[in-house]
> 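Take a look at this one; I'll ask things after.
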Protein chains: 2
Amino acid sequence: MKHICSALLFFVVCSLTAQEAIFSAAAVNSPKVNADNTVTFYLKNNTASKIQLVGDWLPKTDNVTIPVDLVKTNDLWKYTTKALSPELHTYNFVIDGVKTTDPGNPFVIRDVSSLMNVFFIKGGNADYYVVNDVPHGTITKQWYYSESLDMNRRLSVYTPPGYENSKNDYPVLYLLHGAGGDEEAWLALGRASQILDNLIAEGKVKPMVVVMPNGNVIQQAAPGEGVKGYYTPQFMMPKTMEGTFEASFKDIMAFIEANYRIKKGKKNTGIAGLSMGGYHSLHISRYYENTFDYVGLFSPATLPTKDKHSDVYNNIEETLKTQKENKYQLYWIGIGKEDFLFKNVIDFRNTLDSIGMTYEYHESEGGHEWKNWRDYLVLFLPKLF
Amino acid sequence: MKHICSALLFFVVCSLTAQEAIFSAAAVNSPKVNADNTVTFYLKNNTASKIQLVGDWLPKTDNVTIPVDLVKTNDLWKYTTKALSPELHTYNFVIDGVKTTDPGNPFVIRDVSSLMNVFFIKGGNADYYVVNDVPHGTITKQWYYSESLDMNRRLSVYTPPGYENSKNDYPVLYLLHGAGGDEEAWLALGRASQILDNLIAEGKVKPMVVVMPNGNVIQQAAPGEGVKGYYTPQFMMPKTMEGTFEASFKDIMAFIEANYRIKKGKKNTGIAGLSMGGYHSLHISRYYENTFDYVGLFSPATLPTKDKHSDVYNNIEETLKTQKENKYQLYWIGIGKEDFLFKNVIDFRNTLDSIGMTYEYHESEGGHEWKNWRDYLVLFLPKLF
């Protein structure tokens with residue numbers, strides 16, 4: 001009997017300890033994705049005056065999402081959406097005016113300095129964002145020494161299913177994040193490993209190594225993962241778009257070639273990035289001439305470089321011409337019609353047109369958002385290698 | 001001018017988009033660790049009635065933490081703690097009775113189904129929990145096929161600094177989580193990779209490979225990382241303590257031996273775990289006779305197995321005697337004086353004593369908590385290999 005009590009106690013006390021169930025009303029699981037793709041959010045609470053939520057599917061006015069109210073019946077607050085489109089959706093609760101996370105949902109992703117709760121509506125491209133019953137690649141978080149920056153730095157690497165069990169070499173894609181992101185961004189918000197697993201399983205994408213470095217040269221690693229410890233990340237960090245990252249990029253390539261079984265040569269090498277990472281990809285693919293046969297610019301920040309003092313930005317048009325003359329397989333540009341960089345991308349396309357540099361252009365709905373960047377990755381990957 | 005405007009717009013609009021700054025009052029960074037190790041929490045809000053917090057340093061009554069109130073001056077809420085001890089501290093905000101996360105702190109760790117904000121107070125063992133300027137090991141998230149379970153499953157592996165640049169074989173420690181945990185737990189709450197990096201850098205711990213599998217046999221992977229997608233994890237899952245994991249453990253060892261440069265043999269092999277993982281370590285180290293020279297039981301759930309129907313639990317005393325006769329280097333037990341399993345561990349030690357099985361025993365303050373398990377890991381690792 002004593003022993004049985006101990007066993008029971010294990011369940012009960014551990015549950016209390018682990019969950020820190022400090023309030024009478026237990027957290028209610030939230031949200032529930034209903035069969036018709038409506039979604040119901042729940043919160044159990046008897047003391048708050050107003051519980052609202054903001055979500056990526058709700059309309060915005062001047063870039064500001066209008067919160068919707070959860071409705072209270074007894075102590076249960078509830079809100080059901082209209083049917084939502086397939087997507088990795090993000091939302092926050094607003095509790096008496098404080099924007100924070102839904103206590104019923106332990107799944108969050110950090111975007112710059114904000115945490116957002118997440119859930120999936122399946123279907124369409126979103127079926128590539130979820131973990132399906134297919135072979136899975138391996139994710140490695142690894143440190144390398146950057147001689148150019150004299151700094152130990154962290155990067156993420158995806159190796160495809162079968163990498164460990166073969167002696168084959170693989171082509172490599174360098175996949176760059178945007179401002180405020182880091183070596184975690186394409187994995188967390190970008191769902192890169194799931195997209196790769198699923199497209200490789202369907203035979204639509206060639207098995208490849210995908211390298212996701214950190215493009216903020218003042219940062220060793222994602223916030224919390226480097227010696228600076230926990231600190232609030234900023235959207236734009238110093239030295240992110242002034243040539244230093246591009247100039248140091250050779251250290252990343254050398255490390256990857258030394259540590260992974262990579263097929264050498266231009267035809268086995270690609271680079272792509274979103275926003276600031278698109279800017280980096282544009283300049284890196286020019287600066288390291290004859291290195292990349294595949295270039296992807298996702299909502300690229302094709303901004304002027306006139307006021308920047310780096311050799312990287314010398315003779316941009318001339319080096320683009322050289323890039324054209326050296327030939328490449330694919331120069332891909334994707335942008336949303338509502339993207340605030342849309343006009344800049346038109347200017348950049350005019351530059352490319354003026355020098356006769358060919359590119360594949362994809363114009364989507366929407367703006368400067370992860371929804372588009374995940375879509376672009378799904379479109380871009382099958383064109384590689 | 002047009003171009004300069006675009007560049008400015010990039011900063012401004014991206015900042016807005018990325019941060020979804022949808023309310024007039026911007027989030028304030030929180031908390032601030034002050035020079036005297038007091039900690040100040042902040043929240044900017046003008047509509048909530050009561051903002052409180054609960055934290056691991058606050059007193060409890062019947063396992064329930066008593067919340068403390070933040071004090072409002074104009075629209076800034078504030079609370080300063082007494083000086084806190086060195087630790088990875090956890091806390092939550094309670095906004096008008098809703099326990100959730102601090103919107104000013106993007107750093108959270110999931111424990112079972114709850115998210116907790118975290119911050120560090122440095123000093124003591126906590127200096128091993130932070131990322132220091134030392135060589136860093138590599139973290140790999142990888143899938144293996146378990147033949148025993150006919151299931152693809154995910155595990156985490158730490159390889160020490162230098163692993164990639166050498167041809168050496170390394171000893172291996174299997175490090176098991178507790179109930180409600182998974183292959184992420186020792187890395188997230190346990191700070192295993194930082195502890196290993198820091199102790200290896202000090203020369204106190206031998207470079208080793210550390211394997212952190214998932215001990216919940218009904219689970220492929222941590223919640224959100226497997227085909228079940230996002231769902232609310234439970235504290236105790238079916239089939240966690242009835243022999244199946246122990247019986248399938250050979251699949252994990254075979255995978256690691258095939259995929260990592262592991263020194264073979266008992267003297268190069270250790271196993272340790274916390275709570276349920278201590279129970280698993282106890283039984284695995286008996287069941288796979290003559291396999292482990294190093295065993296660590298951290299607050300182990302040394303619970304009775306009488307009602308369980310698995311060959312794994314046959315002849316427990318006899319197999320412990322065999323384990324003793326086969327000899328081992330270290331059988332280490334750590335438990336807190338306030339742990340609800342304290343009495344069970346006394347019973348287990350009596351069993352060990354009665355058969356003359358020697359062990360090293362560490363009795364600490366505190367209870368069934370991560371604070372102790374991190375401490376125990378710091379004590380245990382230097383004794384290995």
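In the text below, chain A, chain B and the rest are named by the order of the sequence lines, each starting its count at 1. We use all heavy atoms of the structure for the numbers below, so side chains are in, but hydrogens, waters and symmetry mates are not.
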> Identify which part of B/Asn132 has an atom lying under 4.5 Å from any heavy atom of chain A, answering side chain, backbone, both or neither.
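The backbone, not the side chain.
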> Keeping B/Asp62 on the side-chain end and B/Val64 on the backbone end, is there a donor-acceptor pair under 3.5 Å?
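Flag not set: sc B/Asp62 to bb B/Val64 has no pair under 3.5 Å.
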> Select one option (side chain, backbone, both, neither) describing which atoms of B/Ile66 are under 4.5 Å from chain A's heavy atoms.
neither
> Checking the side chain of A/Asp96 only, and the main-chain atoms of A/Ser49 only, is there a donor and an acceptor separated by less than 3.5 Å?
yes
> What are the two closest non-hydrogen atoms of B/His368 and B/Ser299, and how far apart are they?
CE1-O, 3.4 Å
> Looking only at heavy atoms and a cut-off of under 4.5 Å, which of A/Gly104, A/Gly226, A/Gly224, A/Gly180 has the most pairs with chain B?
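Sorted descending by pairs with chain B, the first entry is A/Gly226.
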> Heavy-atom pairs under 4.5 Å with chain A: which of B/Thr47, B/Ile139, B/Asn105 has the most?
B/Ile139
> Considering residues, nucleotides and ligands other than A/Lys308, do more than 12 of their heavy atoms fall under 6.0 Å from its NZ?
yes
> B/Phe93 and side chain to side chain contact (heavy atoms under 4.5 Å, CB included): which single residue from B/Val98, B/Asn117, B/Leu70 fits?
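Testing each of B/Val98, B/Asn117, B/Leu70 against B/Phe93, the sole residue satisfying side chain to side chain contact (heavy atoms under 4.5 Å, CB included) is B/Leu70.
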> Can you tell me which portion of B/Val130 sits under 4.5 Å from chain A's heavy atoms? Options are side chain, backbone, both or neither.
neither
> With a 4.5 angstrom heavy-atom cut-off, is it the side chain or the backbone of B/Asn165 that approaches chain A, or both, or neither?
side chain
> Consider side chain to side chain donor-acceptor pair (under 3.5 Å). Of B/Thr138, B/Asp197, B/Thr140, which one does B/Tyr158 pass it with?
B/Asp197
> Which heavy atom in A/Ala301 sits nearest to a heavy atom in A/Met276, and how many Å separate them?
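Closest approach of A/Ala301 to A/Met276, heavy atoms only: CB-N, 4.2 Å.
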> With only heavy atoms counted, which part of B/Ile95 is less than 4.5 Å from chain A, the side chain, the backbone, both or neither?
both
> Below 6.0 angstrom between ring centroids: does that apply to B/Tyr260 and B/Phe255?
no
> Is A/Val134 in contact with chain B via its backbone, its side chain, both, or neither, using a 4.5 Å heavy-atom distance?
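For A/Val134, there is no contact with chain B at all, as no heavy atom is under 4.5 Å.
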> Any side-chain to backbone donor/acceptor pair from A/Arg154 onto A/Ala221? Under 3.5 Å, distance only.
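A pair under 3.5 Å: no.
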> Based on non-hydrogen pairs under 4.5 Å, which of B/Ala258, B/Ser156, B/Pro223 is most in contact with chain A?
B/Pro223
> Measure B/Val118 against the heavy atoms of chain A and call it side chain, backbone, both or neither at under 4.5 Å.
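Both backbone and side chain of B/Val118 come within 4.5 Å of chain A.
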> So what's closer than 4.5 Å to chain A heavy atoms on B/Tyr231: side chain, backbone, both or neither?
backbone
> For chain B, which of A/Asn29, A/Val131, A/Thr232, A/Asp133 has the most heavy-atom pairs under 4.5 Å?
A/Val131
> Looking at A/Phe120, A/Tyr145, A/Trp370, which makes the most heavy-atom pairs under 4.5 Å with chain B?
A/Phe120
